[in-house]
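Heads up: numbering here begins at 1 and tracks the sequence.
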Amino acid sequence: MKEMNWENNSNNLVQSLTNGDSEKISTSRFSSLLASKDRDYLLSSSEAEADQQVKISDLEGRVIGLYFSANWYPPCRNFNQVLVDVYEQLKSNGSNFEIVFVSSDEDLDAFNNYRKTMPWLSIPFSDLETKKAMNRKFEVEGIPCLIILQPEDNKDGATFYDGVELIYRYGVEAFPFTQEKLEELQREERMRHETQTLKNLLTNPDRDYILGQSITRKAQVDSLIGKTIGLYFSAQWCLPGVKFTPKLISIYQKIKQTLEEKGGEDFDIVFVSNDRDRSSFDSYFGSMPWLALPFGDPGIKRLAKYFDVQGIPCLIIIGPDGKTVTKQGRNLINLYQENAYPFTDAKVELLEKEMEEAAKSLPRSEYHAGHRHELTLVSEGTGGGPFICCDCDEQGSGWAYQCLECGYEVHPKCVRAVAPGSIEGS
């Protein structure tokens, strides 16, 4: 997985906004989008008014979010929780914002159960033609997807296609989802990153410490200044996180040992918990040899939004100067283990060159104990690219052994070579 450059990504957001469908968003257009020949209403999703019909004409003058989602897909359920929080905050502030759910659920029961979690409106599940027409019109290729429509055709009026990313990145601050507002947020974000320090990342006016290597000990944030720091976003309920944590512990201890032998530099990790209850946090943090933000600390959500963390586990690396080195710490650990330290562009470039050189001596093909077909060595230039290793379930990029028949891919280091014909079914 390649690291996203936040500045380039911000420019893409602006382009997606300004290149959108800028025709006038009138009541009649809402009707043409959301109504059918037999229906001029939407369904309310409040529990008290589960079957109440809301006239589409009532949406006049509002900013509308068209929410393409489905209960069966975990990323949709994860985003739904975030969107509910943003929506309720905006409604409590009196904002003229409304969301319309466009379901991709498999049956009516799934639709109804999912709709119970939503405080906004919905297109009836039975209206398949309207849902298909909206998917075609907005070229929806994946879910969750949030399309933002502006109420008037003014200088900020446009169709905005990257609403999911905008909500994850800016939350309620993104409203009213206009180009002018987006550019303002980008300027503020750029300023925050330019003035970023470890202290303003990890402290707040009421707390200048983090938890030490037990929940009863405290460590002053000032003691971490000048070190390379990993911010580890994870949770005990997250299976990929539970699988990655032991590997990270092992790599962490090897890095610490090497640095102690050399003297001078230092490395530490701060656990940023997404656990759902205190007992889970205590248990999970208790297995870790590093530091942590207190459970439930408001800084956790702020950091997740600041670094645009959309999935866990995630390892953000902060350099000795307090600036972000990379958001791809997890991927670099998987690729290079302890050799990834200090995770800088210069070190990664050196490791990539070493990997290219080492690949010259690798067999062009292998049979792997975990797969029945022959695997071919590929790189990004020869049919490879970012992938999830089918053996260790972790990210990979660069060189891989790939099955040209079915797409199975593994890290070269994960291959357990066997003789051709020795695998059952091959």
Side-chain angles (χ1 to χ4, degrees), residues 20-84 86-88 90-91 95-153 157-164 166-167 177:
D21 182 358
S22 58
E23 63 182 282
K24 186 178 178 70
I25 309 294
S26 63
T27 303
S28 61
R29 185 184 174 208
F30 283 155
S31 295
S32 67
L33 282 173
L34 303 174
S36 68
K37 62 180 181 180
D38 302 317
R39 177 184 55 79
D40 63 353
Y41 62 85
L42 298 167
L43 300 179
S44 168
S45 289
S46 65
E47 291 188 19
E49 304 171 337
D51 297 318
Q52 179 176 324
Q53 298 176 0
V54 177
K55 290 287 187 180
I56 294 173
S57 58
D58 291 346
L59 301 180
E60 181 177 3
R62 300 190 188 186
V63 177
I64 303 296
L66 303 178
Y67 179 38
F68 298 80
S69 187
N71 189 45
W72 54 263
Y73 192 42
C76 287
R77 297 197 300 271
N78 293 339
F79 176 68
N80 195 71
Q81 297 172 10
V82 177
L83 187 58
V84 167
V86 169
Y87 176 85
E88 290 181 338
L90 288 174
K91 297 300 280 188
S95 302
N96 63 330
F97 181 53
E98 190 53 74
I99 294 176
V100 177
F101 172 41
V102 186
S103 170
S104 295
D105 289 302
E106 296 175 326
D107 55 56
L108 182 60
D109 286 342
F111 168 75
N112 285 331
N113 287 332
Y114 198 25
R115 195 162 65 96
K116 288 177 183 177
T117 69
M118 302 174 178
W120 46 71
L121 309 176
S122 306
I123 292 176
F125 180 77
S126 59
D127 193 348
L128 186 60
E129 290 305 312
T130 297
K131 292 188 291 184
K132 284 184 176 179
M134 293 177 68
N135 274 273
R136 287 194 301 268
K137 178 177 178 60
F138 295 107
E139 300 179 343
V140 176
E141 297 180 350
I143 55 175
C145 176
L146 184 65
I147 308 292
I148 304 294
L149 306 178
Q150 294 294 334
E152 298 178 1
D153 186 16
T159 300
F160 181 63
Y161 289 83
D162 289 328
V164 171
L166 196 60
I167 291 293
F177 308 102

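Applying the side-chain contact (heavy atoms from CB on, under 4.5 Å) criterion to Asp105, with sequence neighbours excluded, gives Ala70, Asn71, Trp72, Phe101, Ser103, Ala110, Phe111, Tyr114, Phe125. In terms of the side-chain contact (heavy atoms from CB on, under 4.5 Å) criterion, residue partners of Val86 (sequence neighbours excluded) are, by chain and number, Leu90, Ile167, Val172. Every residue two or more places apart in sequence or in another chain that forms a side-chain contact (heavy atoms from CB on, under 4.5 Å) with Asp40 is listed here: Lys55.
Below 30°, between 30° and 60°, or above 60°: for Tyr87 and Trp120 the angle between ring planes is above 60°, a perpendicular geometry.
Annotation: side chain of Met118 is not in contact with side chain of Ile99 (no heavy-atom distance under 4.5 Å). Between Phe68 and Ser104 there is no side-chain heavy-atom pair separated by less than 4.5 Å. Looking at Leu33 and Leu149, their side chains come closer than 4.5 Å, going by heavy atoms from C-beta outward. The closest side-chain heavy-atom distance from Leu42 to Ile56 is below 4.5 Å. Residues Phe79 and Tyr73 are not in side-chain contact: their nearest non-hydrogen atoms beyond the backbone lie 4.5 Å or more apart. Side-chain contact between Tyr161 and Ile147 is present, with heavy atoms from C-beta onward closer than 4.5 Å.
Between Val54 and Ser44, the shortest heavy-atom contact is CG2-CB, 4.2 Å. Listed here is the closest heavy atom pair of Pro144 and Cys76: N-SG, 3.5 Å. Between Pro124 and Lys131, the shortest heavy-atom distance links the atoms O-CE, 4.3 Å.
Distance check: Leu66 CG to Glu98 CD gives 11.0 Å after rounding to the nearest 0.5 Å. Separating the CD atom in Gln81 from the CZ atom in Arg77 is a distance of 9.0 Å, to the nearest 0.5 Å. Rounded to the nearest 0.5 angstrom, Asn78 CG and Leu83 CG are separated by 12.5 Å. Atom CG of Asn113 sits about 10.5 Å away from atom CZ of Arg115, to the nearest 0.5 Å. Taking OH from Tyr67 and CD1 from Ile123, the interatomic distance works out to 14.0 Å, rounded to the nearest 0.5 Å.
Side-chain atoms of Asn80 and Thr117 include a donor-acceptor pair closer than 3.5 Å.
Side-chain N or O atoms of Arg62 include none that pairs as donor or acceptor with a backbone N or O of Ser95 at under 3.5 Å.
Just one of Thr130, Leu59, Asp127 meets the side chain to side chain contact (heavy atoms under 4.5 Å, CB included) condition when paired with Leu34; it is Leu59.
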